[in-house]
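Structure, as structure tokens:
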Amino acid sequence: MTRIARSRFLVVLTAGALTATLGLPGVATAEPKHRTVPVCALRPLPLPADMNGRALAVDPTGRFIAGTGYRIDDDDWQPLLLLWAGSPGRPGHEVRTEPRLTVVAIGGGLQVENINRYGVAVGSAFVDNVNRPWLYRNGRVEWLPVPPVVSNTWATGINSRGDIVGRGAVEQTETSLPLLWPADRPGTVEVIDAPSDASATEIFDDGTIIGTAGNSGWVRHPDARTDLLTAPGARWSGISAARGNWAVGVIGTGSEDEDRTLVRWDLRTGVAAAVNPALVSTLDVNSRGTVLGDRAVEHGDRLVALGGAIPGVRDPFGWAIADNGLVVGSINGSRLRPARWINC
């Protein structure tokens, strides 16, 4: 975000659907509207009966889904990487093909963070008492290289080229370094030129990198310019996800547990707009600017809930949203099961 863009932040916050006015300048909040639409239609993802699992990431097209699981009867509770491949479908159209499931054993505490349009997934695993970054492609898991100065490392974002970003923890200084694994130089890792104590969350196809540095969100443009993502009057900000022209996260005027406002930044203008607080969280955003909370989707003028249509289903929870509106997450009942929601 350029200095000019930052100067264009609006300086009024109206409470709207908030129960109390937060008084944070620099955030645009439209008057609340109460349009409703049918809930997203639930479609559980295939999973063997002896497993628990959840879906955590979906590629922009909605074709590839990644998650984690474990076998219910395993004495050692071995974490499993779950990958589904199917038809992407189109916005507003039923996905009729059943996704094909692949199960991969990685070992250690497993995190899945992202997957690209070619089915390449990234994440981290807690192995030998450290967090190590990995990628999955062509049917196998590969460990990513890490700088010698970091003690724990996480891979968090991947673009369609295969460029990967993440962060490494520097134990001596209790800070983090933003990291890049470039697709055109396999087997290498670079420290991204960014503000101090930074982490990288997402990388776009054009090379734009989004993350958090210290107590502010930040964006690194393809021409290497770096700007903060914040708002006038905000003491801190954090980024949870970004896609296309949008980033979502939270800003606040007090401590990290006080005076919080969930927002969506328009990366073209630098304007931060408050999202409907009924979302509770901002877990993801797609290229259309649709924001995903844990149990609902916001389209700006309306909310769409994640529905359940199966007896015994409870606790629907969404983790990621594709550009076609497909949401992936989990449902609970007799066991934790991965799920997708269509027509969101």
Side-chain angles (χ1 to χ4, degrees), residues 1 5 16-17 27-30 32-43 55-66 86-95 114-118 157-160 201-206 208-210 217 219 229 239-250 262-307 316 318-329 339-344:
M1 189 189 316
V27 182
T29 304
K33 299 181 180 179
H34 302 286
R35 293 178 56 191
T36 58
V37 298
V39 296
C40 305
L42 171 64
R43 298 292 185 270
L56 297 170
V58 62
D59 88 282
T61 72
R63 179 182 179 187
F64 295 104
I65 300 169
S87 171
R90 292 178 295 160
H93 289 74
E94 175 83 31
V95 180
N114 216 318
I115 189 167
N116 72 8
R117 66 180 64 247
Y118 299 108
I158 183 170
N159 63 15
S160 62
T201 302
E202 304 279 3
I203 182 168
F204 297 166
D205 289 349
D206 67 357
T208 298
I209 297 172
I210 307 285
V219 54
L229 286 175
I239 307 300
S240 54
R243 170 79 179 149
N245 295 315
W246 311 99
V248 291
V250 62
L262 301 176
V263 297
R264 182 186 66 178
W265 283 273
D266 186 332
L267 299 177
R268 296 163 296 188
T269 64
V271 173
V275 303
N276 192 316
L279 286 181
V280 180
S281 60
T282 50
L283 295 177
D284 203 6
V285 64
N286 66 15
S287 64
R288 299 170 179 264
T290 305
V291 183
L292 172 66
D294 52 8
R295 289 176 174 82
V297 173
E298 188 207 61
H299 289 271
D301 62 346
R302 67 189 191 278
L303 286 180
V304 185
L306 302 182
W319 279 105
I321 185 169
D323 288 346
N324 63 0
L326 178 74
V327 171
V328 301
R340 56 181 173 161
W341 287 265
I342 64 171
N343 299 335
C344 292

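Just so we're clear, the structure is a prediction, and the values are computed from it rather than from any experiment.
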Practice task
Working to the nearest 0.5 Å, report the span between CG of L306 and CG of L42.
Solution key: 9.0 Å
Handout entry: Distance (rounded to the nearest 0.5 Å) between C40 SG and L292 CG
Key = 9.0 Å
Practice task
Considering non-hydrogen atoms only, spot the tightest contact between A55 and V328 and give its length.
Solution key: CB-CB, 3.8 Å
Exercise for the section: Compare all side-chain heavy atoms of I321 with those of L326 and state whether any distance is below 4.5 angstrom. Expected result: no
Practice task
Could you check D266 against W246 for side chain to side chain contact (heavy atoms under 4.5 Å, CB included), going step by step and ending with a plain yes or no?
Solution key: CA-CA 5 Å; D266 186 332; W246 311 99; 3.7 Å; yes
Handout entry: Expected output: side-chain N116 to main-chain N159 donor-acceptor under 3.5 Å
Key = yes
Exercise for the section: Please identify each residue that fulfils side chain to side chain contact (heavy atoms under 4.5 Å, CB included) with S160, with sequence neighbours left out. Expected result: R117, Y118, D205
Exercise for the section: Hey, could you give me the CZ/CG distance between R295 and L283, rounded to the nearest 0.5 Å? Expected result: 10.0 Å
Practice task
Under the side chain to side chain contact (heavy atoms under 4.5 Å, CB included) rule, what do T282 and R264 come out as? Steps first, then yes or no, please.
Solution key: CA-CA 9 Å; T282 50; R264 182 186 66 178; over 6 Å; no
Problem - NZ/NE/NH1/NH2 to OD/OE distance under 4.0 Å, R243 and D284 - result: no
Problem - CD1-CD1 distance between I65 and I115, expressed to the nearest 0.5 angstrom - result: 8.5 Å
Handout entry: D323 CG to T61 OG1 distance, which is reported to the nearest 0.5 Å
Key = 8.5 Å
Practice task
Grab the two heavy atoms, one from L279 and one from D294, that are nearest each other, plus how far apart they are.
Solution key: O-OD1, 3.5 Å
Completion exercise
Between A322 and N286, the two heavy atoms sitting closest are O-ND2, 3.0 Å
Problem - CZ-CG distance between R268 and N245, expressed to the nearest 0.5 angstrom - result: 4.0 Å
Problem - Any donor-acceptor N/O pair, D59 side chain to F64 backbone, under 3.5 Å - result: yes
Practice task
Report the C-alpha distance between L267 and F204 in whole Å, list the side-chain angles of each, state the deciding distance to 0.1 Å, and finish with yes or no for side chain to side chain contact (heavy atoms under 4.5 Å, CB included).
Solution key: CA-CA 12 Å; L267 299 177; F204 297 166; 3.9 Å; yes
Practice task
Please identify each residue that fulfils side chain to side chain contact (heavy atoms under 4.5 Å, CB included) with T201, with sequence neighbours left out.
Solution key: none
Practice task
Return the minimal non-hydrogen interatomic distance between A242 and I210, and the atom names on each side.
Solution key: CB-CG1, 3.8 Å
Completion exercise
Between A320 and A57, the two heavy atoms sitting closest are CB-CA, 3.9 Å
Exercise for the section: Check the pair T290, V285 against side chain to side chain contact (heavy atoms under 4.5 Å, CB included), reporting the backbone distance first and the verdict last. Expected result: CA-CA 5 Å; T290 305; V285 64; 5.9 Å; no
Exercise for the section: Of all the heavy-atom pairs spanning C344 and V304, show the shortest one and how long it is. Expected result: O-CG2, 4.2 Å
Handout entry: Donor-acceptor contact below 3.5 Å, side chain W341 vs main chain G307
Key = yes
